[in-house]
Colleague: 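One structure, pasted below without further comment.
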2 protein chains.
Amino acid sequence: METASPTLSRKAQIDQTATALFRRRGYAATSMRELAAALGIEAGSIYSHIRSKEEILHRICFRLADEFMAGWRNATADASAPVATQLRRAIESHVRVLIHHVDASAVFMHEWRHLSEPAHGEFLQLRHGYEVGFRELIARGVAAGELHTPDPAFAALTLLASLAWLPSWYRPDGKLGAEQIAERLADQLLGGLAN
Amino acid sequence: METASPTLSRKAQIDQTATALFRRRGYAATSMRELAAALGIEAGSIYSHIRSKEEILHRICFRLADEFMAGWRNATADASAPVATQLRRAIESHVRVLIHHVDASAVFMHEWRHLSEPAHGEFLQLRHGYEVGFRELIARGVAAGELHTPDPAFAALTLLASLAWLPSWYRPDGKLGAEQIAERLADQLLGGLAN
DNA sequence: TATGGTTCCTAACGTTCGTTAGCAACAATT
DNA sequence: AATTGTTGCTAACGAACGTTAGGAACCATA
């Protein structure tokens, strides 16, 4: 067996703890000494496992981006399905990822700008592609007569806004689960649009 | 006449430049030396006009909070008006403030957590009151039969999400003005709800 | 018993941070 | 002519920053 550690590898622990700290205090305002203290070790020791502070942020952001992308591809794989169905699946997938990684999601939304080039540009490109995907899906639905809205681009914006805003109000102990939130979001966002 | 300076007072210039920097780079990642360089002076010179870095952030956040609050009171002053009207007015007021102070709005949304106590708590209290106002207004509309939604609290969340997300995509040179954005937002958010 | 990977330490590096002290130039007011 | 407020400078303070070097345990495998 390889490193079948009982819990998480030290590197994974660092990522996890850093994610929580970056979320609460922000990337720039979180020092390596704070992170080390939260892990119960000294600051220098962290560098036995990582190369730099930014590497942690990079991993947090792009790992989540991968999850969002995979969910999107999965949800829209069946291009013959009704657009409303694809859209609902995409929303559900997004919410599921969001809720399964609340801290990472908040970091993903706010701290990506501290990435330096070329990671910064790559991240923006990924995010833009994701947003365009939603926008075009909605536009396709409108063109097909499945959805109705006076301004598809605007509808996409409010949808994405609701998704982006979610990690800042969602509480794991709330009464709504992932599926219910996704359902309610889809209903509300499509309710005014779908026929 | 008092300080009828041709442009802005130096203090106002500092606030303005800091707002732009805080927005682009984040509060924690913006140094006083950067701010000074953007103003064309030395770092130490800034302290002839302000007491601390956080004082600038405090002013940015609470000044905008005042504007949002004033707009809200104005929009909902006539309690006898239909809820849909009050809501539409509140949205329009919010969007107008948002667009008139795009940079400050982005700072307001993201950087408030770097305020220390008691300002941090006061800010959260103000924001919470604002959100509760929207939530209750929508709930009142539903109770009065003016609005229809399966989950008023959720509807309030998506509305606030759209408002919060706006400064991150709005471009002053875009084709939509403040009034049109507010109108479209209100239409879309209420369109699915109002009768 | 030797080896290599994982883990962590102490000590320190050079840099940058927010901020202050003390001084000087200039404007407008008294 | 004296005063006051605004504006800015240089030089520096102590603290905190991200990061590195070098060494030492420990544990598995060989």
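Everything quoted here is computed from the prediction, not taken from an experiment.
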Colleague: Is there a side-chain contact between B:L163 and B:L185 (heavy atoms, below 4.5 Å)?
Modeller: yes
Colleague: Under the salt bridge (charged side-chain N to carboxylate O under 4.0 Å, His left out) criterion, do A:R63 and A:E67 qualify, and how do the steps go?
Modeller: CA-CA 7 Å; A:R63 213 176 261 169; A:E67 291 221 36; over 6 Å; no
Colleague: Roughly, in whole Å, what's the span from CG in B:L8 to P in D:dT7?
Modeller: 11 Å
Colleague: It should be established whether B:H49 places a side-chain nitrogen or oxygen under 4.0 Å from OP1 or OP2 of nucleotide D:dT7.
Modeller: yes
Colleague: For B:Q180, is the CD atom crowded, meaning more than 12 foreign heavy atoms sit under 6.0 Å from it?
Modeller: yes
Colleague: To the nearest Å, give me how far apart CD1 (B:I50) and C1' (D:dG8) are.
Modeller: 14 Å
Colleague: In the structure I gave you, are the side-chain heavy atoms of B:L57 and B:K53 within less than 4.5 Å of one another anywhere?
Modeller: no
Colleague: B:K53 NZ to C:dC17 C1': how many Å, rounded?
Modeller: 8 Å
Colleague: Of all residues at least two apart in sequence or in a different chain, which pass the ring-ring contact (aromatic ring centres under 6.0 Å, His included) check with B:H49?
Modeller: none
Colleague: Within residues 110-119 of chain A, find the residues that approach DNA chain D with a heavy atom at under 4.0 Å, and present them sorted by residue number.
Modeller: none
Colleague: State, yes or no, whether a side-chain contact exists between B:E122 and B:F62 at a heavy-atom distance under 4.5 Å.
Modeller: yes
Colleague: Between the protein and nucleotides 25-27 of chain C, which nitrogen or oxygen pairs are less than 3.5 angstrom apart?
Modeller:
none

Colleague: We want to know whether B:E131 and B:H128 form a side-chain donor-acceptor pair, criterion being a heavy-atom distance below 3.5 angstrom.
Modeller: no
Colleague: Report the distance from atom NZ of A:K11 to atom P of C:dT7, rounded to the nearest whole Å.
Modeller: 10 Å
Colleague: Enumerate donor-acceptor pairs with a distance under 3.5 Å from any side-chain N or O in residues 90-100 of chain B to protein atoms, sequence neighbours excluded.
Modeller:
from, atom 1, to, atom 2, distance (Å)
B:H94, ND1, B:Y130, OH, 2.7
B:R96, NE, B:E179, OE2, 3.3

Colleague: For residues 150-160 of chain B, run the donor-acceptor check on the side chains, cut-off 3.5 Å, and write out each pair with its distance to 0.1 Å, sequence neighbours left out.
Modeller:
from, atom 1, to, atom 2, distance (Å)
B:D151, OD1, B:A153, N, 3.3
B:D151, OD1, B:F154, N, 3.1
B:D151, OD2, A:R184, NH1, 2.7
B:T158, OG1, A:Q188, NE2, 2.6
B:T158, OG1, B:A155, O, 2.9

Colleague: Please list, in numerical order, the residues of residues 21-45 of chain A that have a heavy atom closer than 4.0 Å to any atom of DNA chain D.
Modeller: A:T30, A:S31, A:M32, A:R33, A:G44
Colleague: If the cut-off is 4.0 Å, is A:R51 near the phosphate of D:dT19, judged by side-chain N/O to OP1 or OP2?
Modeller: no
Colleague: Rounding to a whole Å, what distance do you find between A:I46:CD1 and D:dT20:P?
Modeller: 13 Å
Colleague: In this structure, how many angstroms lie between the C1' atom of D:dC27 and the CZ atom of A:R10, rounded?
Modeller: 16 Å
Colleague: If we count only N and O atoms by modelled type, under 3.5 Å, do the side chains of A:H58 and A:E55 hold a donor and an acceptor together?
Modeller: no
Colleague: Going by distance alone, is a donor N or O of one side chain under 3.5 Å from an acceptor N or O of the other, for B:R10 and B:Q13?
Modeller: yes
Colleague: State whether A:Y47 places a side-chain N or O below 4.0 Å from either non-bridging phosphate oxygen (OP1 or OP2) of D:dT20.
Modeller: no
